[in-house]
Amino acid sequence: MALSKPIEIRNTGLVAAYWRLTHCQIDHAAGIAEFRLHGWPSGEARQAGKAPLPGLAYRATAEQLGLPDLHAVTSAALYAAARSRPAEDGTVWFADAEDA
């Protein structure tokens, strides 16, 4: 699974249109899941092994993910959170993203 939405990276003029979950770290003691979506210019660029552009970081509790606990975290839950929650910069980037 991935998300499709063109986003300019940090006012650089570089645009990532294909976004994929690349990292997830769960801190059970703190009750937080931290995850990151990285972007590529296209799905073809990712499949060709090109390096990703800088990513967008997120933090969420099990409750914010709509889960009973962090042991139930799935990629689908993290993508759903990316569609509805703000990234670390405070922006909800993927509310209108398409599945890729």
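Residues Tyr18 and Ser42 approach most closely at CB-C, 3.5 Å, considering heavy atoms. Between Ala95 and Val92, the shortest heavy-atom contact is CB-CG1, 4.0 Å. Here the closest heavy-atom approach between residue Pro41 and residue Ala17 is recorded as O-CB, 3.4 Å. The minimum heavy-atom distance between Gly13 and Glu8, with the atom names listed, is N-OE2, 2.8 Å. Between Leu53 and His38, the closest heavy-atom pair is O-CD2, 3.1 Å. Shortest non-hydrogen contact noted between Arg85 and Ala60 is NE-CB, 3.9 Å.
Leu65 and Leu3 fall within a single hydrophobic cluster, where Ile, Leu, Val, Met, Phe, Trp and Tyr are joined by side-chain heavy atoms under 4.5 Å apart, directly or via other members. Cluster annotation: Trp19 is connected to Leu14 through the hydrophobic network of ILVMFWY side chains, with a link wherever side-chain heavy atoms come within less than 4.5 Å. In the hydrophobic cluster analysis, where Ile, Leu, Val, Met, Phe, Trp and Tyr join through side-chain heavy atoms closer than 4.5 angstrom, Ile32 is grouped apart from Leu70. Linking ILVMFWY residues whenever their side-chain heavy atoms come closer than 4.5 Å, directly or via other members, places Val73 and Leu21 in the same cluster. Cluster membership check: Trp93 shares its hydrophobic cluster with Ile9, using side-chain heavy-atom separations under 4.5 Å among Ile, Leu, Val, Met, Phe, Trp and Tyr.
Taking 4.5 Å as the limit, every side-chain heavy atom of Gln64 sits out of range of all side-chain heavy atoms of Arg59. Proximity of Met1 to Ser75: side-chain heavy atoms (C-beta onward) are nowhere separated by under 4.5 Å. In this structure, the side chains of Pro52 and Thr22 stay at 4.5 Å or more apart for every pair of heavy atoms. You'll find the side chain of Ile7 reaches within 4.5 Å of the side chain of Phe94, heavy atoms only. Looking at heavy atoms from C-beta onward, Trp40 lies in side-chain contact with Arg20 at the 4.5 angstrom threshold. Leu78 has its side chain out of reach of Tyr58: every pair of non-hydrogen atoms, C-beta onward, lies at least 4.5 Å apart.
Arg83 contributes a side-chain N or O that, together with a main-chain N or O of Ala97, makes up a donor-acceptor pair within less than 3.5 Å.
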